[in-house]
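Below is one structure, written out as structure tokens; comments come after it.
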Amino acid sequence: MAAPAAHDSAVSAVERIVIENCAIATVDANDTEYASGYVVVAGNRIESIGAGQAPKGLEGVVRRIDGTGHLVTPGLINTHHHFYQWITRGLATDHNLFNWLTALYPTWARIDEPMAYAAAQGSLAMMARGGVTTAMDHHYVFPKGSGDLSSAIVRAASETGVRFTLARGSMDRGTSDGGLPPDFAVETLEGALAATEATIDQHHDTSFDAMTQIAVAPCSPFSVTTELMKQGAELARRKGVRLHTHGSETVEEEQFCKELFGMGPTDYFESTGWLGEDVWMAHCVHMNDSDIAAFARTGTGVAHCPSSNARLAAGIARVPDMLKAGVPVGLGVDGTASNESGELHTELRNALLINRLGPHREASLNARQALRLGTYGGAQVLGRASQIGSLEAGKLADLVMWKIDGIGHSTIADPVTAIVFGAAAPVTLSLVNGKPVVEDTRLITVDEDAIARSARGEAQRLARIAAQA
């Protein structure tokens, strides 16, 4: 009897947070919702969830929250971003993708560690205060002598308090080899692979409640060599991490792949080992039926970035067709040089609205499907669906309380419709791993105003350096 007693003592010693009287959208397999319910958080896990009041007699309750006028959902999960672009927002605003890249690469190629850190702080702060609990950064610009950019980005995420996946990117095809980035902005094949492996060894956490994970992420077909794609896939699978890259974003990319490789992007990815359940691609705007079938057959995921796709006039991704085929789809902010708001809630709304401009029209997506893209769908493509993305007992306590009784939402009867169709709902509380990150719309882990000043200073310094060059 001694062992059970010790177990009971350990359980009762856990600190609990109780949220009651709130609407709840669990985004579980059955889309279970409660008009008025409760969530009990014990340590960093969801202990129980249901309708009505929380169970009586709970021990170790350190906080009890009245959620009247709120909707509780899983935290939002961002599946594609480029943090460094926070300090180059508002530039090349009337360009398509290739012209935009050509215009901005010379500036991006001059970033250094303080810039990357300040930009990561700004990107993370903007997302976290808008309900993101798991962030992702695809960083692929590593100028020579720029410092330890990966560690700076990981440090910013840790300080903010969000769960984080760093997709360690790379480029080894410069302009002299037919690529888009300037030669001084790319790495060698060997250097990129070695640095990526070192980043995995230093930062990747395999535990259930990992706060930091690493993915292997060569940038795109037009900035990396085929050998880097192949060896990058081999490295990722040898180290047991996920793979990420850009795919099928524009018509120009498809033409580029056909001219250079003699095949379209999806066939090229498959030829290099880049389709599979451990892979997710950003954008996937220009995909035909066979491309979608290949993604569904292999379990390859998609990060849908509707605002960026619209900003760069890339087109409308076939998200309804992907979902119908069984392709895992999450949402992405994308870099804030092509989505200046830098906030994932915008993508819930824009995913729904923009897809209704496509062939399926009003039947393309509804509010609950949009919420699922931003939560459980994101967990799927990051390989963490058993841990986050839905509110279920035993999962990690990453959740958001949205205030829906204010002027922006009080006349919308359905809570999920309110936060998807309506204006960005204020975040009253955001928990990550059971710990508060946002309280009453303000970050409590970092100083938002100090971050804004620092990011502005680094943006100005980068602009001066780029102008002198």
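Keep in mind it's a predicted model, so treat the numbers as computed, not measured.
- From E227, atom CD reaches atom CZ of R173 across 11.5 Å, with rounding to the nearest 0.5 Å.
- Ion pairing of R461 with D112 is present here, as a side-chain N (NZ or NE/NH1/NH2) and a carboxylate O approach within less than 4.0 Å.
- Ring pair H70/H409: centre-to-centre distance not below 6.0 Å.
- Among all heavy-atom pairs drawn from V381 and P328, the shortest one is CG1-O, 3.7 Å.
- Taking all atoms of both residues into account, the shortest heavy-atom contact from E458 to A118 is CG-CB, 3.6 Å.
- Between atom CD1 of residue I65 and atom CD1 of residue I19 there is a gap of 4.5 Å, rounded to the nearest 0.5 Å.
- When atom types are taken as modelled, the side chain of S390 and the backbone of E392 share no donor-acceptor pair closer than 3.5 angstrom.
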Please walk me through it: do E253 and K258 pass salt bridge (Lys or Arg N to Asp or Glu O under 4.0 Å)?
CA-CA 9 Å; E253 179 188 334; K258 287 181 177 178; over 6 Å; no
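- Of the N and O atoms on the side chains of H244 and H246, not one donor lies less than 3.5 Å from an acceptor on the other residue.
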Intermediate values then yes/no, side chain to side chain contact (heavy atoms under 4.5 Å, CB included), L399 and V432
CA-CA 7 Å; L399 59 84; V432 182; over 6 Å; no
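- Residues K230 and E234 are not paired through a salt bridge, judged by the lack of any N-O separation under 4.0 Å between the basic side chain and the carboxylate.
- Rounding to the nearest 0.5 angstrom, the gap separating the CE atom in M229 from the CG atom in L243 is 8.5 Å.
- Side chains of T225 and D172: a donor on one and an acceptor on the other come within 3.5 Å.
- Pairing each heavy atom of F222 with each of L97, the nearest pair is CZ-CD2, 4.3 Å.
- Taking the charged nitrogens against the carboxylate oxygens, E439 and R63 do have a contact shorter than 4.0 Å, which makes a salt bridge.
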Candidate pair H139 and I153, rule side chain to side chain contact (heavy atoms under 4.5 Å, CB included), full reasoning
CA-CA 9 Å; H139 188 88; I153 296 165; 3.7 Å; yes
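- Using a cut-off of 4.0 Å between Lys/Arg side-chain N and Asp/Glu carboxylate O, R238 and E197 are scored as salt-bridged.
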Decide yes or no on side chain to side chain donor-acceptor pair (under 3.5 Å) for T346 and E343, but give the supporting numbers first.
CA-CA 6 Å; T346 306; E343 192 266 317; 2.9 Å; yes
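- Comment: R168 engages E187 in a salt bridge, judged by a side-chain N to carboxylate O separation of less than 4.0 angstrom.
- At distances below 3.5 Å, at least one donor-acceptor pair connects side-chain atoms of T445 with backbone N or O atoms of T160.
- At a threshold of 4.5 Å between non-hydrogen side-chain atoms, the residues T245 and V279 do not count as touching.
- Atom-to-atom distance recorded for K435:NZ and D398:CG is 12.0 Å, nearest 0.5 angstrom.
- Pairing each heavy atom of R349 with each of F421, the nearest pair is NE-O, 2.9 Å.
- Under the 4.5 Å side-chain criterion, counting only non-hydrogen atoms from C-beta, H286 is not in contact with I316.
- Other residues, nucleotides and ligands place no more than 12 heavy atoms under 6.0 Å from the CZ atom of R456.
- Side-chain contact check for N433 and R163: at least one donor-acceptor pair (N or O, by modelled atom type) lies under 3.5 Å.
- Taking the six-membered ring wherever Trp is involved, the centroid distance between the rings of H283 and H304 does not fall below 6.0 Å.
- Taking the six-membered ring for Trp and the full ring otherwise, W108 and W100 have centroids separated by under 6.0 Å.
- The shortest distance between side-chain heavy atoms of I388 and Y376 does not fall below 4.5 Å.
- Taking both residues in full, the closest heavy atoms of C257 and G264 are given as CB-C, 4.2 Å, listed atom of the first, atom of the second, then distance.
- Between T196 and T199, the side chains place no donor N or O within less than 3.5 Å of an acceptor N or O (distance only, hydrogens not considered).
- We find that D449 and R442 are joined by a salt bridge, their nearest charged nitrogen and carboxylate oxygen being less than 4.0 Å apart.
- No donor-acceptor distance shorter than 3.5 angstrom exists from the side chain of S151 to the backbone of D148, with no hydrogens or angles considered.
- The CG atom of D291 sits 8.5 Å away from atom CZ of R318, with the distance rounded to the nearest 0.5 Å.
- Between S341 and N339, the side chains place a donor N or O and an acceptor N or O closer than 3.5 Å (distance only, hydrogens not considered).
- Side-chain contact between V162 and T133 is absent, with no heavy-atom pair separated by less than 4.5 Å.
- Looking at T300 and F269, their side chains never come closer than 4.5 Å, going by heavy atoms from C-beta outward.
- Side-chain contact between L391 and V27 is absent, with no heavy-atom pair separated by less than 4.5 Å.
- Here the OG-CZ distance, from S150 to F142, works out to 4.0 Å after rounding to the nearest 0.5 Å.
- The aromatic ring centres of F98 and H95 sit 6.0 Å or more apart.
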Taking it one step at a time, do D205 and T212 satisfy side chain to side chain donor-acceptor pair (under 3.5 Å)?
CA-CA 6 Å; D205 184 354; T212 304; over 6 Å; no
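- Side chain of E113 to backbone of G147: no donor-acceptor contact under 3.5 angstrom is found.
- Proximity of the aromatic rings of F83 and H138 is defined here by a centroid distance below 6.0 angstrom, and this criterion is not met.
- Contact record, L91 with R311: O-NH2, 3.3 Å, taken as the closest heavy-atom pair.
- In this structure, the side chain of S158 does not engage the main chain of V154 through any donor-acceptor pair within 3.5 Å.
- Contact annotation: the side chain of L76 approaches that of T375 to within less than 4.5 Å [non-hydrogen atoms, C-beta and beyond].
- Between the T79 side chain and the L331 main chain, a donor and an acceptor come within less than 3.5 Å of each other.
- Side-chain contact check for T73 and W402: at least one donor-acceptor pair (N or O, by modelled atom type) lies under 3.5 Å.
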Starting from the C-alpha separation in whole Å, work towards a yes-or-no answer on side chain to side chain contact (heavy atoms under 4.5 Å, CB included) for L323 and L365.
CA-CA 10 Å; L323 295 175; L365 292 175; 3.8 Å; yes
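- Between the side chains of N78 and E347, not a single donor N or O lies within less than 3.5 Å of an accepting N or O.
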Show the numbers, then the answer: is there a side chain to side chain contact (heavy atoms under 4.5 Å, CB included) between H81 and S123?
CA-CA 9 Å; H81 209 319; S123 296; 4.1 Å; yes
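- The shortest side-chain heavy-atom distance between Q369 and V319 does not fall under the 4.5 Å cut-off.
- In summary, the aromatic rings of Y84 and Y117 are positioned with their centroids too far apart to meet the 6.0 Å limit.
- Between the side chain of E448 and the main chain of L443, a donor-acceptor pair closer than 3.5 Å is present.
- Remark: the backbone N or O of G335 is paired with a side-chain donor or acceptor of S338 at under 3.5 angstrom.
- Contact check on R242 versus E277 returns no salt bridge, with no Lys/Arg side-chain nitrogen under 4.0 Å from an Asp/Glu carboxylate oxygen.
- For R16 (side chain) and V41 (main-chain N/O), no donor-acceptor pair under 3.5 Å exists by modelled atom type.
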Let's go through R45 and D209 carefully: what are the C-alpha distance in whole Å and the side-chain angles of both, what is the deciding distance for salt bridge (Lys or Arg N to Asp or Glu O under 4.0 Å) to 0.1 Å, and is it a yes or a no?
CA-CA 9 Å; R45 305 289 182 96; D209 56 358; 5.5 Å; no
